[in-house]
Amino acid sequence: MNKLLLLTLGYSVVVSALIRVPLTHTGHIRKQLISTLSANKRLSNKSLDHRADNLYSPVPVPLSNHLDTEYYGHISIGSPPQDFLILFDTASSNLVVPSSKCFTWDSACKSHRRYNSSASSGYYANGTNIEIQYRTSAKITGFLSTDTVRVGELKVTNQTFAEAISEPGELFVTATYDGILGMAYPEFAHLGVTPVFTNMLLQGLVDKPVFSFYLSRYENGSTEGGELVLGGSDPRYYKGNFTYVDVSKKGFWQFTLDGVHVEGGNSHFCSGGCVAVMDTGTSYLTGPSEDITKLNKQLGAHQELGQYFFNCSLVDSLPSVYLLISSTHFVLSPKDYVLQESVNGLKICLSGFAAYDIPPPDGPLWIFGDVFIRTYYTEFDFENNRIGFAKAR
């Protein structure tokens, strides 16, 4: 798959930013969350039908790894359940899956699992049209529907989601996953649809408004990709303590990056602070083209066809990259930021730093994708509006 296409998914469902559709009843949802969480704490010694045992333990959702470029997991929609492979995306807030009603000419929709409302006894019609434009030419058009959604052991009732009937663009054709489950703030949800994780909180399925990601590396052909942990974090996947940074703007998981520099180098990037977002839907760590070009040059990478490559025999001697966040240096060593692949028996070493220019008012942005999250277990905390990083095991 063309990895550059994945960069746009890392900044996915930007239609909310482009069209500026505000979330209706945001305050109402927040009040519901506070009320529900308070009630759940009073019921901590009781049980609920959907989670009778170990009520408030964090819920793991296994992930699969496709060549260190895509991480996806299983969900189901409907009664009886219809299974889908889903990208859990922290840069969007809507759940989107292909529809059985998709256009006959749409190859992306036809090549993936499709939701069939007529086969589900839990389906409720909504019918509101939706169009989501991505940063490439790719976009989805479709309509809203409501049904039961299962994620791991959790059963989310009355979840509204988008049925896509058109998915033009190479991004969707080549994707190994079927759909996208957005995990950004409710403020970023298109058409004010309540996100899946928000409904988990409202329905008392998880106690803490926290989730976290552990992403493993692709090795020896294994597809095991780590875990999404709902309702907390799992100490088995990290060591030491979390370093937290405040969310600077609700919508994306946005924060301030204080600086970037290369070990032994003279140039510093992002001096004075830059806007950054955490994005599980992006394969690389991206930034403005001017900075990324200079950064890769300092690292010794050469450019071909818009991507940066290293001499594989020199990878072990490459310098580390230091990212300053919340007065703490997060270090990416060559083994962290070099993506090694074999194509027709030829070993290729690709830089994990990619140029991606996002125009104002949302950009310029640095996007922290899988290259960073594989190295640093990442926690997303709605309650305290912060993001936590700890060294992954």
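Along the sequence shown, residues carry numbers from 1.
- In this structure Asp357 satisfies the salt bridge (charged side-chain N to carboxylate O under 4.0 Å, His left out) test with no other residue, sequence neighbours excluded.
- Among residues two or more places apart in sequence or in another chain, the salt bridge (charged side-chain N to carboxylate O under 4.0 Å, His left out) test is passed with Asp291 by none.
- At a cut-off of 3.5 Å, with distance as the only test, a side-chain donor of Asn385 or Tyr185 sits close to an acceptor on the other residue.
- Between Phe197 and Phe211, the gap from one ring centroid to the other is short of 6.0 Å.
- Around CZ of Phe103, the count of heavy atoms belonging to other residues, nucleotides or ligands within 6.0 Å exceeds 12.
- Of all heavy-atom pairs between Cys109 and Ser99, the closest is SG-O, 3.5 Å.
- Listed by chain and residue number, Asn199 satisfy the side-chain hydrogen bond (donor to acceptor under 3.5 Å, both in side chains) test with Gln159 (two or more places apart in sequence, or in another chain).
- Applying the side-chain hydrogen bond (donor to acceptor under 3.5 Å, both in side chains) test to Asn126 and every residue at least two apart in sequence or in another chain returns Thr128.
- Not counting sequence neighbours, Asp258 has no partner by the side-chain hydrogen bond (donor to acceptor under 3.5 Å, both in side chains) test.
- Tyr71 and Glu227 share no donor-acceptor pair across their side chains, judged by distance under 3.5 Å alone.
- Among residues at least two apart or in separate chains, side chain to side chain donor-acceptor pair (under 3.5 Å) pairs with a member in residues 323-335 are Ser333-Asp336.
- No more than 12 heavy-atom neighbours from other residues, nucleotides or ligands sit within 6.0 angstrom of NZ on Lys297.
- Taking the salt bridge (charged side-chain N to carboxylate O under 4.0 Å, His left out) definition, one finds that Lys294 meets it with Glu290, sequence neighbours left out.
- The list of side chain to side chain donor-acceptor pair (under 3.5 Å) pairs with a residue in residues 105-116, not counting sequence neighbours, reads Arg113-Asp178, Tyr115-Asp147, Asn116-Ser118.
- The ring-ring contact (aromatic ring centres under 6.0 Å, His included) search around Tyr376 returns Phe330, Phe372, not counting sequence neighbours.
- Looking only at atom types and distance, the side chain of Gln82 has no donor-acceptor partner in the side chain of Ser76 under 3.5 Å away.
- Not a single salt bridge (charged side-chain N to carboxylate O under 4.0 Å, His left out) links Arg150 to another residue, sequence neighbours left out.
- The two residues Thr280 and Asp370 make their nearest non-hydrogen contact at O-OD1, 3.2 Å.
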* For the pair Phe84 and Leu181, evaluate side-chain contact (heavy atoms from CB on, under 4.5 Å) and give the outcome as yes or no after the intermediate values. => CA-CA 11 Å; Phe84 298 91; Leu181 193 155; over 6 Å; no

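- Every pair tested for salt bridge (charged side-chain N to carboxylate O under 4.0 Å, His left out) that includes a residue from residues 90-100 fails, sequence neighbours excluded, so the list is empty.
- Alongside Phe242, the hydrophobic cluster contains Tyr214, Val229, Tyr237, Tyr238, Tyr244, Tyr377 (criterion: ILVMFWY side chains under 4.5 Å).
- Defined by atom type and a distance below 3.5 Å, a donor-acceptor pair is present between the side-chain atoms of Thr157 and Gln203.
- Remark: the Thr293 side chain and the Tyr308 side chain contain an N/O donor-acceptor pair separated by less than 3.5 Å.
- A salt bridge does not link Asp246 to Arg386: none of the charged side-chain nitrogens sits closer than 4.0 Å to a carboxylate oxygen.
- Of all non-hydrogen atoms in Ser145 and Glu163, the two that sit nearest each other are OG-OE2, 2.6 Å.
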